[in-house]
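See below for the structure under consideration.
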Amino acid sequence: MSPNSSALPAASAHSAPSAPSAPSPSPVRDRRRVLVSSVSSDSHTWNLVFLQLLLEEMGHEVFNAGACVPDELVLSECRRLRPDALVISTVNGHGALDGRRLITRLRREPDLRDLQVVIGGKLGVRGAGAGTHAPELLAAGFDAVFEDAAGTEEFRRYLGEAPVRRPAAAARRTAPALAGAR
């Protein structure tokens with residue numbers, strides 16, 4: 001998950017991964033309400049559970065939409081839950097294609113266009129070594145892109161440093177957790 005965003009300096013997509021270190025929670029500026037989801041074609045769930053646990057460890061409130069979530073359901077859950085951030089995770093290699101379609105739809109919606117949205121994981125079928133999908137996904141509207149090769153530290157740092165863009169207080173409401181999520 002190497003980062004590429006306008007909020008953080010972009011790391012080289014071809015840099016050698018650093019030696020693994022014990023993850024440490026990045027300091028959290030503000031507790032965020034985060035919706036975690038996969039793209040519509042990705043049936044994997046282990047990555048979503050991992051992200052949910054990671055984000056909860058960092059102090060965030062997490063709603064996990066699960067796997068194979070249709071674009072329309074992601075949009076409706078964003079409206080229902082009013083998250084501070086949407087995290088899209090994929091490991092099937094179709095993240096760039098499905099993610100571009102999803103973010104294009106989301107950014108067209110007046111009530112969702114300012115939502116902070118990041119994507120990460122295996123974004124192409126050839127993996128991170130085949131090049132980066134970050135420029136096209138950032139241009140499409142993602143706030144940050146995390147390719148699969150680098151681990152979670154940059155993602156943690158991004159969430160710890162990126163300012164929270166809160167919707168108007170009147171638009172926020174408490175929503176019940178999705179089935180199987182906290």
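Computed from a predicted structure; not experimentally measured.
Of the inter-residue distances, the one linking F146 atom CZ with T152 atom OG1 reads 10.5 Å to the nearest 0.5 angstrom. Between the CZ atom of R157 and the CD atom of E154 there is a distance of 3.5 Å, given to the nearest 0.5 Å. The CZ atom of R101 sits 7.5 Å away from the OG atom of S41 when rounded to the nearest 0.5 Å. In this structure, CD in Q52 is found 12.0 Å from OG in S89, a value given to the nearest 0.5 Å. For the atom pair OG of S76 and CG of L112, the computed distance is 10.0 Å after rounding to the nearest 0.5 Å. I88 CD1 to L86 CG: the interatomic distance, rounded to the nearest 0.5 Å, is 4.0 Å.
Between E61 and P83, the closest side-chain pair of non-hydrogen atoms is not below 4.5 Å. Counting heavy atoms from C-beta outward, R33 and F63 have side chains that approach closer than 4.5 Å. You'll find the side chain of N64 stays beyond 4.5 Å of the side chain of L35, heavy atoms only. No side-chain heavy atom of L106 sits less than 4.5 Å from a side-chain heavy atom of R113.
D98 and T90 share no side-chain donor-acceptor pair at under 3.5 Å. Side-chain contact annotation: Q116 with Y158, donor-acceptor N/O pair under 3.5 Å present.
In terms of modelled atom types and a separation under 3.5 Å, the side chain of R105 and the main chain of D71 share no donor-acceptor contact. Between the side chain of D143 and the backbone N or O of V117 there is at least one donor-acceptor pair closer than 3.5 Å. H60 places a side-chain N or O within donor-acceptor distance of the main-chain N or O of R32, the cut-off being under 3.5 Å. Using modelled atom types, one side-chain atom of R31 and one backbone atom of G59 make a donor-acceptor pair closer than 3.5 Å. Although no hydrogens or angles enter the test, the distance criterion places no donor-acceptor pair under 3.5 Å between the side chain of D148 and the main chain of L123.
A salt bridge is absent between K122 and D42: the closest approach of a Lys/Arg side-chain nitrogen to an acidic carboxylate oxygen does not fall below 4.0 angstrom. Classification of E57 and R156 as a salt-bridged pair holds, one side-chain N sitting under 4.0 Å from a carboxylate O.
In terms of hydrophobic clustering, with Ile, Leu, Val, Met, Phe, Trp and Tyr side chains grouped at heavy-atom distances under 4.5 Å, M58 and V36 are assigned to a common cluster. Note on L81: it clusters hydrophobically with L73, by side-chain heavy-atom contacts below 4.5 Å among ILVMFWY residues. The hydrophobic clustering, which links ILVMFWY residues whose side-chain heavy atoms are closer than 4.5 Å, places F155 and F50 together. No chain of hydrophobic side-chain contacts below 4.5 Å, direct or via other Ile, Leu, Val, Met, Phe, Trp or Tyr residues, connects L102 to L97. In terms of hydrophobic clustering, with Ile, Leu, Val, Met, Phe, Trp and Tyr side chains grouped at heavy-atom distances under 4.5 Å, L115 and V74 are assigned to a common cluster.
Between S40 and P70, the closest heavy-atom pair is CB-CA, 4.1 Å. When all heavy atoms of A67 and T45 are compared, the pair lying nearest together is CB-CG2, 3.8 Å. Here the shortest heavy-atom pairing between R107 and G141 reads NH2-O, 2.8 Å. Of all heavy-atom pairs spanning G124 and H133, the tightest one is CA-NE2, 3.5 Å.
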Side chain to side chain contact (heavy atoms under 4.5 Å, CB included) evaluation trace for C78 with E109: CA-CA 11 Å; C78 286; E109 300 294 323; over 6 Å; no
Checking side chain to side chain contact (heavy atoms under 4.5 Å, CB included) for the pair S43/N92: CA distance, chi angles, key distance, verdict? CA-CA 8 Å; S43 64; N92 73 348; over 6 Å; no
Check the pair L48, S37 against side chain to side chain contact (heavy atoms under 4.5 Å, CB included), reporting the backbone distance first and the verdict last. CA-CA 7 Å; L48 301 172; S37 180; 5.7 Å; no
Determine, step by step, whether L159 and L55 satisfy the side chain to side chain contact (heavy atoms under 4.5 Å, CB included) criterion, reporting the C-alpha distance in whole Å, the side-chain angles of both residues, the deciding distance to 0.1 Å, and the verdict. CA-CA 9 Å; L159 285 179; L55 290 163; 3.1 Å; yes
